[in-house]
Every structure is written in structure tokens, then in C-alpha cells.
Amino acid sequence: MAPTHIEHIGIAVRNLDEAITLYESAYGLKCYRVEEVKDQKAKTAFFRVGATKIELLESTDPEGPIAKFIEKRGEGIHHIAFAVADLPPALQQAKSTGIRLIDEEPRQGAEGLRIAFLHPKSTHGVLTELCDHAKG
Ligand code: CO
């Protein structure tokens, strides 16, 4: 299941508009998409940096996972997402090595990706997302 590349890095922010402005003015990147992901109770903004994207996440719900993350740890890197060729077998392989899955089955993420999260307690503290381009 070796990942082909880092698909994106997810960054939790309190204010999406302010963060977008910073990424555009400080780095000269262009936000090409803003999307609400109901499943994650978050609004997301995307920037391309080579083959990798930056995914800014602002919570749309004070009880949502992004709000809780910021409450506990402040703004910052929330997750890293690896692109894999085929998500279901990659998930099973991770599971078979003892990694705890947050998502037993792929679910729908932003940008039409199938995604699944691995528990940070079993990945040295990094919330890890696996994703592929097949439509779930
Ligand atoms: Co993500």
C-alpha cells in the first residue's frame, strides 16, 4: 500500500478567511476551492503546493472535531493525508499491522476523495488519513 505521495496536510484554523488571506499574501498561493464537508463539520479551503495540497479547516460546529482539536491543542497541523492507489486494501493492511482504525470503511471526503482516518494513538501521535481518487 505504499503511499504515492502526501495528498494534503490538514491545518486547523479558527478563522478560514483570515487563514486564506495569509496563505495568499504571505506565500503567494491561490485558494482554488472552498468546500463544506458536513461529515467533518468543517469548512475547508485548498491550495496546491506541487503534488501536495494544504487543506485549511475551520469548524462549523462548536462540538465538531476541529473545534475540539483547537480547544485542546490550539491551531496547527491537524492531520497528514497519504494518497494510496486503492483505499480498502490499504486500510486492511494497516489494520493487520495493528493500527487502530477510526474509519473501518472508507467515507466521502472533500474533493470527491474516498478517505479513512487512522487513530493517532497508534501512529505516534499523528492523525493520519489515507485517501484515493475512486468515488466512494
Ligand atoms: Co484531510
Side-chain angles (χ1 to χ4, degrees):
M1 82 119 155
T4 53
H5 60 286
I6 294 173
E7 213 284 333
H8 62 270
I9 295 169
I11 298 173
V13 303
R14 288 183 207 278
N15 184 306
L16 196 62
D17 291 334
E18 282 181 15
I20 289 171
T21 300
L22 178 108
Y23 274 76
E24 293 193 330
S25 63
Y27 306 135
L29 296 171
K30 180 90 196 99
C31 174
Y32 68 91
R33 185 178 177 94
V34 173
E35 181 180 348
E36 190 170 339
V37 184
K38 292 222 158 65
D39 221 29
Q40 293 179 56
K41 297 186 172 134
K43 214 162 72 171
T44 63
F46 287 94
F47 302 81
R48 284 195 184 86
V49 188
T52 302
K53 297 159 189 164
I54 298 291
E55 176 187 43
L56 303 179
L57 301 135
E58 179 195 306
S59 187
T60 54
D61 181 333
E63 295 302 308
I66 299 302
K68 292 218 157 117
F69 175 89
I70 290 176
E71 202 176 287
K72 241 168 87 181
R73 300 170 66 168
E75 293 183 297
I77 293 181
H78 177 259
H79 66 275
I80 181 165
F82 290 125
V84 296
D86 191 11
L87 182 52
L91 261 185
Q92 287 318 306
Q93 189 191 334
K95 188 177 180 178
S96 75
T97 64
I99 286 177
R100 193 167 132 205
L101 306 183
I102 292 175
D103 301 304
E104 290 282 338
E105 299 291 332
R107 59 191 167 101
Q108 201 61 47
E111 299 210 294
L113 296 177
R114 286 194 306 185
I115 67 167
F117 283 99
L118 313 179
H119 201 287
K121 285 223 163 83
S122 61
T123 53
H124 299 274
V126 179
L127 176 59
T128 302
E129 175 184 336
L130 303 179
C131 58
D132 73 7
H133 281 86
K135 304 264 174 184

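Each ligand, and each atom within it, is numbered from 1 in the order the structure gives.
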Exercise. Run through Y32, F47, F46 and flag the one making a ring pair (Phe, Tyr, Trp, His ring centres under 6.0 Å) with Y23.
Key: F47

[X], N/O/S atom nearest the Co ion (ligand 1):
| X | answer |
| --- | --- |
| E55 | OE1 |
| H79 | NE2 |
| E129 | OE1 |

Note: [X]-[Y] ion pair, threshold 4.0 Å (strictly below):
| X | Y | value |
| --- | --- | --- |
| K38 | D61 | no |
| E63 | K41 | no |
| K30 | E24 | yes |

The Co ion (ligand 1) and [X]: any N/O/S contact shorter than 2.8 Å?
| X | answer |
| --- | --- |
| H8 | yes |
| C131 | no |
| E7 | no |

Exercise. Check the surroundings of atom CD1 in I102: do more than 12 heavy atoms from other residues, nucleotides or ligands lie under 6.0 Å from it?
Key: yes

